[in-house]
Amino acid sequence: MVCATALLSASLAVSLLRNSAPPDKSFVMSPFSLDTALSVVNDGAEGCTQKELTDFLLHGCTPADVTAHYSSLALALTANNVSGVTFKSANRFYVDESEV
């Protein structure tokens with residue numbers, strides 16, 4: 001399940017990369033950051049939107065499974081300090097309440 005999800009995530013990141021920057025420019029796309037951001041959106045979604053996001057992120061799982069998976073993945077990556085390498089990640093969302 002996780003392997004198929006990782007492949008799908010990487011495929012989405014590559015597709016976004018190809019369509020987001022001209023070939024002569026540098027651009028970085030992180031599948032982890034993309035999935036983490038989508039999991040946060042999934043936490044705030046409801047109904048059909050949440051179902052579609054849940055199926056995309058972890059097909060066949062529940063929204064609670066998605067939250068648990070990405071929370072534990074983030075904790076594991078930040079806790080696993082191998083050979084002095086440190087992993088840090090930050091996400092922030094802004095809502096323009098005048099548009100809501």
Side-chain angles (χ1 to χ4, degrees):
M1 173 174 63
V2 174
C3 291
T5 301
L7 291 174
L8 182 60
S9 173
S11 176
L12 175 62
V14 169
S15 177
L16 287 171
L17 176 62
R18 286 187 180 136
N19 293 297
S20 297
D24 61 334
K25 299 291 181 186
S26 295
F27 191 83
V28 176
M29 176 66 64
S30 165
F32 173 78
S33 292
L34 178 63
D35 283 357
T36 302
L38 288 174
S39 74
V40 171
V41 172
N42 186 56
D43 286 342
E46 295 177 337
C48 292
T49 301
Q50 187 176 54
K51 181 181 180 337
E52 288 182 19
L53 281 167
T54 298
D55 285 345
F56 172 76
L57 291 166
L58 287 176
H59 183 71
C61 293
T62 67
D65 293 334
V66 171
T67 300
H69 173 75
Y70 286 101
S71 294
S72 64
L73 180 59
L75 288 172
L77 288 171
T78 57
N80 193 8
N81 187 357
V82 178
S83 300
V85 175
T86 302
F87 177 86
K88 292 185 180 183
S89 177
N91 290 303
R92 180 172 289 181
F93 290 87
Y94 295 93
V95 176
D96 183 351
E97 292 187 12
S98 67
E99 300 291 325
V100 178

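Quantities reported herein were computed from a predicted structural model and do not represent experimental measurements.
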| Residue pairs fulfilling salt bridge (Lys or Arg N to Asp or Glu O under 4.0 Å) with at least one residue in residues 46-60, sequence neighbours excluded | Lys51-Asp55
| query | Of all residues at least two apart in sequence or in a different chain, which pass the side chain to side chain contact (heavy atoms under 4.5 Å, CB included) check with Thr62? | reply | Ala64, Asp65
| request: Could you check if a side-chain atom of Tyr70 sits within less than 4.5 angstrom of a side-chain atom of Val40, using non-hydrogen atoms only? | output: no
| Non-neighbouring partners of Thr54 that pass side chain to side chain contact (heavy atoms under 4.5 Å, CB included), sequence neighbours left out | Asn42, Gln50, Pro63, Val66
| For Ser33, all residues meeting side chain to side chain donor-acceptor pair (under 3.5 Å), sequence neighbours excluded | Ser30
| note | For Thr36, the side chain to side chain donor-acceptor pair (under 3.5 Å) test, sequence neighbours excluded, returns none
| request: Could you tell me which residues satisfy side chain to side chain contact (heavy atoms under 4.5 Å, CB included) with Val41, sequence neighbours excluded, listed by chain and number? | output: Leu53, Phe93
